[in-house]
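Quick notes on the structure that follows.
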Amino acid sequence: AGNTSLEEVAMIFKTHPDLGIETNINTTKIYPTSRMVSSLMNMPVQPNKAIVGKNAFAHSSGIHQDGVLKNASTYEIMNPKDVGIDDNAIVLTARSGRAALKHRLSVNGVEVSGEKLDKIYQEFLKLADKKKEVNDDDILVKVEGCGVCGTDVHEWRADPFGIIPVTLGHEGTGEIVYLGKNIKTDTSGKPIKVGDKLVTSVISCGECHVCRNHPANTNLCDKQGVFGLIPHSDANPFTGWFAEYLLIRGKGSTYFVVNDLDLKERMILELACVCVHALKRANTTGLINFNSKVLIQGLGPVGLTMISVLRAAGINHIIAIDGTPKRLEMAKKLGVKTVINFKEVPTLEERVKLVKSVANGVGADFAFQCTGAPAAAKDIFEYIRRGGGLCEMGFFVNNGEYNVNPHFAMCNKEINLVGSWDYSADDYPTTMAFLRQAREMNIPIKDLITHEFPLDKLNEAMEVNVSQQGIKICYVNK
């Protein structure tokens with residue numbers, strides 16, 4: 001045909017040696033070269049393209065899969081290894097039979113037959129009917145738990161991101177129950193297998209200016225995605241952790257094996273990563289050291305976790321401001337030296353005096369603004385000494401504006417101001433190290449989790465979060 005590709009011509013000669021034409025082409029390089037060009041040019045290969053398309057050696061029909069597994073030449077005139085593909089792609093769908101499922105389980109090191117296979121097959125069909133397709137680049141995770149974030153609550157109440165219908169939950173973790181054969185390692189390069197405990201990080205597009213020119217800052221990707229904040233799709237309904245299963249699929253997904261962390265540590269990990277990234281941003285000012293007097297405004301889960309991160313980093317003098325007694329008590333439990341209840345010290349002038357009295361008479365060296373309340377956020381500048389620094393990390397949604405006089409608040413004091421937004425995938429290994437360090441130092445960060453709810457009580461979990469009855473609320477799949 002007129003649109004015949006060069007690789008098709010090469011494989012005709014390879015497959016039919018009786019034609020007597022030798023090309024001297026190493027055909028095993030065809031597929032990897034095609035993928036390399038696709039990546040460099042940022043042009044995806046069409047799935048149905050002959051020889052190099054995803055579906056070229058794929059089989060989803062039960063009768064085809066059974067035939068290929070018994071004798072590949074029944075349905076194929078060439079060997080996938082001849083073009084550089086490891087093997088035939090047995091794509092599990094609702095049309096797959098027991099033979100294909102048994103083969104895939106065997107590849108993953110699980111040998112079953114008879115009644116046990118029948119039972120697993122029936123469960124698989126239920127899943128496949130919802131999921132439509134489980135392929136070689138998928139990871140299916142059985143959810144074990146997920147933290148309830150303020151972002152979840154905002155979306156639950158008003159849909160500020162415009163993504164409804166959506167399965168929420170982005171602070172989740174679980175156990176791998178299916179691993180596509182093309183997945184060999186996690187994002188950090190650690191070997192991965194069925195049964196491993198997993199967490200997910202950000203999904204970057206790889207195409208925008210930031211992704212191409214500033215790959216260490218994928219948290220600023222123009223099209224950044226996070227599992228739990230992805231609009232629902234019938235083709236992939238398992239995109240959030242507030243569910244029984246999560247499906248990891250698609251370009252740009254990042255995930256990490258965390259077998260050495262317990263469930264509570266894993267449910268806190270994403271939240272902790274926000275704070276680890278904020279500390280990284282704060283460190284760019286050069287103002288954080290063992291001698292620093294650091295102020296935290298707002299003792300919700302973010303503020304209290306920020307305290308834990310600072311304590312693990314060696315910061316011993318922390319000042320915390322909030323209006324909830326139980327959160328102030330938790331701050332002291334985490335090692336805060338000075339707590340200020342703004343309800344008991346109602347005027348800004350009085351609070352500033354208290355801060356200065358424990359901060360060398362001049363104010364905090366650095367402050368982390370962790371509230372999402374504009375009225376509180378505008379006060380933060382008053383607590384900071386001249387030449388000090390500020391990390392604004394409280395406004396993950398648009399909660400409004402506040403007015404400050406830039407002459408007095410910033411210029412005259414020469415404030416070193418940084419913002420902090422989410423995290424990048426490369427913050428995750430550091431966060432895992434923080435959680436291990438917190439464990440070694442007996443920082444009681446797991447005590448932040450005060451309430452656990454099953455899946456059918458998620459509305460109640462949201463209400464408890466809104467009413468501030470607890471500190472960190474979690475969904476646990478028991």
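Because only heavy atoms are used, hydrogens play no part in the values below, and waters and symmetry mates are left out as well, while side chains stay in.
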Please indicate whether Asn213 has more than 12 foreign heavy atoms, meaning atoms of other residues, nucleotides or ligands, lying under 6.0 Å from its CG.
-> yes

Is the count of non-hydrogen atoms from other residues, nucleotides or ligands lying under 6.0 Å from Asn405 atom CG greater than 12?
-> yes

Between [Y] and [X], is the closest basic N to carboxylate O distance under 4.0 Å?
X	Y	value
Arg249	Asp137	no
Lys197	Glu175	yes
Asp379	Arg351	yes
Lys326	Glu329	no
Arg266	Glu144	yes
Lys413	Glu382	no
Glu7	Lys29	no

Would a 4.5 Å heavy-atom cut-off, applied to side chains only, mark [X] and [Y] as touching?
X	Y	value
Leu168	Phe227	no
Thr151	Phe161	yes
Ile319	Leu354	no
Phe256	Lys190	no
His317	Ser292	no
Arg439	Lys446	no
Leu458	Phe453	no
Asp426	Thr218	no

Is the backbone of [Y] close enough, under 3.5 Å, to the side chain of [X] for a donor and an acceptor to pair up by distance?
X	Y	result
Arg281	Cys391	no
Arg385	Val362	no
Ser308	Leu304	yes
Arg327	Gly303	no
Asn416	Gly388	yes
Lys472	Val148	yes
Asn477	Gly145	no
Asn398	Gly400	yes
Ser34	Ile30	no
Ser424	Asp427	no

Ring centre gap for [X] and [Y] strictly below 6.0 Å:
X	Y	answer
Tyr475	Trp241	no
Phe366	Phe368	yes
Phe381	Phe408	no

To the nearest 0.5 Å, how far apart are [atom1] in [X] and [atom2] in [Y]?
X	Y	atom1	atom2	result
Thr305	Leu269	OG1	CG	11.0 Å
Asp422	Leu220	CG	CG	8.5 Å
Cys370	Met306	SG	CE	7.0 Å
Asn465	Glu460	CG	CD	12.5 Å
Ile321	Phe342	CD1	CZ	9.5 Å
Tyr178	Ile183	OH	CD1	9.0 Å

Which heavy atom of [X] sits nearest a heavy atom of [Y], and at what distance?
X	Y	result
Phe395	Gly372	CE2-O, 3.3 Å
Pro429	Ala425	CD-O, 3.6 Å
Thr239	Leu246	C-CD1, 3.6 Å
Leu198	Val141	CD2-CG2, 3.9 Å
Ala377	Tyr402	CB-CE2, 3.6 Å
Phe396	Ser420	CZ-O, 4.2 Å

Determine, stepwise, if the pair Leu455 / Glu244 fulfils side chain to side chain contact (heavy atoms under 4.5 Å, CB included).
-> CA-CA 8 Å; Leu455 188 59; Glu244 293 187 357; 4.1 Å; yes

Run through Val143, Leu263, Ile449 and flag the one making a side chain to side chain contact (heavy atoms under 4.5 Å, CB included) with Val476.
-> Leu263

Can Ile307 and Leu299 be said to form a side chain to side chain contact (heavy atoms under 4.5 Å, CB included), step by step?
-> CA-CA 9 Å; Ile307 289 169; Leu299 299 182; 3.7 Å; yes

Once the angle between the rings of Phe238 and Tyr245 is folded into 0 to 90°, is it parallel (under 30°), tilted (30 to 60°) or perpendicular (over 60°)?
-> perpendicular

Should Asn399 and His154 be marked as a side chain to side chain contact (heavy atoms under 4.5 Å, CB included) after you check the CA-CA gap, both sets of side-chain angles, and the distance that decides it?
-> CA-CA 10 Å; Asn399 280 343; His154 285 298; 4.1 Å; yes

Between [X] and [Y], a side-chain donor and acceptor under 3.5 Å:
X	Y	value
Thr347	Glu349	no
Arg311	Asn316	yes
Tyr423	Glu270	yes

Report the C-alpha distance between Val358 and Lys337 in whole Å, list the side-chain angles of each, state the deciding distance to 0.1 Å, and finish with yes or no for side chain to side chain contact (heavy atoms under 4.5 Å, CB included).
-> CA-CA 9 Å; Val358 294; Lys337 289 283 199 304; over 6 Å; no

